[in-house]
Amino acid sequence: MNRKRMPFICGNWKMNKGQDETYNFIHDFLKKVKQVPHLKEREIGIAPVFTSLFIADSLLKHSEIKLCSQNVHWEDSGQFTGEIAAPMLKEFGVKYVIIGHSERRKFFGEKNDTVNMRLKASLKNNLPAILCVGETKEERESGRTKEVVKQQLLEGLKDVTKDDILNNLVIAYEPVWAIGTGLNATVEQAVEVHTFIRGLLSECFGNGAGDVVRILYGGSVKPDNIDGFMASEEIDGALVGGASLDIESFFRLVDFR
Ligand code: PGA
């Protein structure tokens, strides 16, 4: 397929893999990726835990694969126990930051306004962001999917410049009910929301925004369903948890057909 936008497959390792496992995975994964020239036309990202960033960067900096972070704070330094700032992430070679993941929202009180603060801090520091949005099971069942996604996007992107939206933003649509449950959205369900997001971006940030911004799908993406998702031009890639933890499985995802 002749794609308009560069595909992006990003592994979100969540709270998994310490230094040794990170090193071994990336070392072996890079060897496999090098053997497949067409993978150069795809962007690949890996988001390990903070304590594995250094070791991951020591290998990834010699490759095209992008080191990603799972979060970022909105200040550059200060009294924020347990947090990490964008300039610190940049020192480790981080290229993208995942912001507003549903696990942050569900377990750590992340709200649209703090998502917005983190996003602006990341962009101010020239760190592109992957903004996660998505509805819960209850919200979908009560017909509120678009309303919820719209609010997450409008509040999350408040005061973000058009320039940043066009150049430094990736959106991940991740229905909460599909994350880590083995129950993926159908391609049609994902496409419906992706199309809605594109319309909203064009409406709010001018013609073209909806055409340019990459939108990933996330939620139980696996080797046996990746090709179906990537067969749609509306889906620019995937944000993957569980299936990114195993080398063979993650390799099959980045090698989608
Ligand atoms: P999953 O997680 O692939 O394990 O469903 C996706 C995510 O949380 O980004």
| query | Side chains of S249 and S244: closer than 4.5 Å at any heavy-atom pair? | reply | no
| With a 4.5 Å limit on heavy-atom distance, are the side chains of P7 and M230 in contact? | yes
| query | Between R118 and E83, is any pair of side-chain heavy atoms under 4.5 Å apart? | reply | yes
| message | What I want to find out is whether K14 reaches E103 closely enough, with some N-O distance under 4.0 Å, to be called a salt bridge. | response | yes
| Donor + acceptor pair across side chains of E135, Y173 (<3.5 Å) | yes
| Can any side-chain N or O of H73 pair as donor or acceptor with the backbone N or O of A85 at less than 3.5 Å? | no
| remark: The side chain to side chain donor-acceptor pair (under 3.5 Å) partners of T114 (sequence neighbours excluded) come to E110
| How many angstroms lie between atom CG of L216 and atom CZ of F229, to the nearest 0.5 angstrom? | 12.0 Å
| field | Whether N116 side chain and K158 backbone form a donor-acceptor pair below 3.5 Å | value | yes
| Nearest heavy atoms of S122 and I99, plus distance in Å | CB-CD1, 4.0 Å
| said: Is there a path of hydrophobic side-chain contacts, each under 4.5 Å between heavy atoms of I/L/V/M/F/W/Y residues, joining L30 to Y23? | reply: yes
| said: Which heavy atom of S52 sits nearest to which heavy atom of K17, and what is that distance? | reply: OG-O, 3.3 Å
| request: Check whether any side-chain heavy atom of V148 sits under 4.5 Å from a side-chain heavy atom of R140, and report yes or no. | output: no
| task | List the steps, then state whether side chain to side chain contact (heavy atoms under 4.5 Å, CB included) holds for Q151 with N112. | result | CA-CA 8 Å; Q151 191 174 6; N112 291 335; 4.1 Å; yes
| task | Would you mind reporting whether L67 and L53 have side-chain heavy atoms less than 4.5 Å apart? | result | yes
| Is there a path from I215 to I130 through hydrophobic residues (I, L, V, M, F, W, Y) whose side chains come within less than 4.5 Å of each other? | no
| request: Look up atom SG in C10 and atom CD in E43, then write down how far apart they are to the nearest 0.5 Å. | output: 9.0 Å
| field | CD1-OG distance between I46 and S63, expressed to the nearest 0.5 angstrom | value | 8.0 Å
| query | For G237, does its backbone N or O pair with a side-chain atom of R42 as donor and acceptor, under 3.5 Å? | reply | no
| query | Is there a path of hydrophobic side-chain contacts, each under 4.5 Å between heavy atoms of I, L, V, M, F, W or Y residues, that connects V170 with L119? | reply | no
| request: Taking atom types as modelled, find out whether T136 and E139 have a side-chain donor-acceptor pair closer than 3.5 angstrom. | output: yes
| said: To the closest 0.5 Å, what do you measure between CD1 (I98) and CG (L131)? | reply: 11.5 Å
| query | Within the side chain of Q189, is there an N or O that forms a donor-acceptor pair under 3.5 Å with the backbone of T186? | reply | yes
| query | So, K32 and D255, do they make that salt bridge, N to O below 4.0 Å? | reply | no
| message | Just to verify, what does K111 make a salt bridge (charged side-chain N to carboxylate O under 4.0 Å, His left out) with, not counting sequence neighbours? | response | none
| Do you reckon L201 sits in the same ILVMFWY cluster as V193, going by side-chain contacts under 4.5 Å, direct or chained? | yes
| task | Answer yes when E41 and R3 have at least one side-chain N-carboxylate O distance shorter than 4.0 Å, and no when they do not. | result | no
| message | Under a 3.5 Å cutoff, is there a donor and acceptor pairing between the side chains of N71 and H101? | response | no
| message | Within the structure provided, determine whether V191 and Y217 are in side-chain contact (heavy-atom separation under 4.5 Å). | response | no
| request: Kindly compute the distance separating CG (L127) from CG (N168), expressed to the nearest 0.5 Å. | output: 9.5 Å
| remark: In short, S102 meets I179 closest at the heavy-atom pair OG-CD1, 3.2 Å
| said: Between E147 and K150 (salt bridge meaning N to carboxylate O under 4.0 Å), is one present in this structure? | reply: no
| task | Using atom types as modelled and distance alone, determine if a side-chain donor or acceptor of K90 lies under 3.5 Å from a backbone N or O of N125. | result | yes
| task | Would you check if there is a donor-acceptor pair between the side chains of N24 and D28 at a distance under 3.5 Å? | result | no
| message | One pair to check against side chain to side chain contact (heavy atoms under 4.5 Å, CB included): V36 and F251. What are the steps and the verdict? | response | CA-CA 10 Å; V36 188; F251 183 75; 3.5 Å; yes
| query | Counting only heavy atoms not in E155, do more than 12 sit closer than 6.0 Å to its CD atom? | reply | yes
| Do side-chain atoms of R214 reach the backbone of M6 as a donor and acceptor pair under 3.5 angstrom? | yes
| field | Nearest heavy-atom neighbours spanning V221 and A243 | value | O-CB, 3.3 Å
| task | Following the transitive rule for hydrophobic clusters with a side-chain heavy-atom cut-off under 4.5 Å over Ile, Leu, Val, Met, Phe, Trp and Tyr, establish whether V213 and I235 coincide in one cluster. | result | yes
| Would you say I65 and L59 make side-chain contact, with heavy atoms under 4.5 Å? | no
| said: Quick one, F54 and D57 - any side-chain contact, counting heavy atoms below 4.5 Å? | reply: no
| field | D164 side chain vs T161 backbone, donor-acceptor pair below 3.5 Å | value | no
| note | Nearest heavy-atom contact between S69 and L89 is OG-CD1, 3.5 Å
| message | Can a donor-acceptor pair be found, under 3.5 Å and without considering hydrogens, that links the side chain of S202 to the backbone of G210? | response | yes
| Residues forming a side-chain contact (heavy atoms from CB on, under 4.5 Å) with L166, sequence neighbours excluded | K162, A209, V212
| field | Heavy-atom pair with the smallest gap, counting every atom of S232 and V187 | value | CB-CG1, 4.2 Å
| task | Please round to the nearest 0.5 Å and tell me the distance separating atom CD1 of I26 and atom OG of S58. | result | 8.0 Å
| field | Within the 6.0 Å centroid threshold, strictly below: Y96 and F8 | value | yes
| field | Derivation and outcome, side chain to side chain contact (heavy atoms under 4.5 Å, CB included), residues I84 and V72 | value | CA-CA 6 Å; I84 192 154; V72 64; 5.6 Å; no
| task | Run the numbers on T22 and W13 for side chain to side chain contact (heavy atoms under 4.5 Å, CB included), then give the verdict. | result | CA-CA 10 Å; T22 299; W13 285 357; 3.8 Å; yes
| field | Pair D211 + R198: basic N to acidic O under 4.0 Å | value | no
| Got a salt bridge between R252 and D227, using NZ or NE/NH1/NH2 to carboxylate O under 4.0 Å? | yes
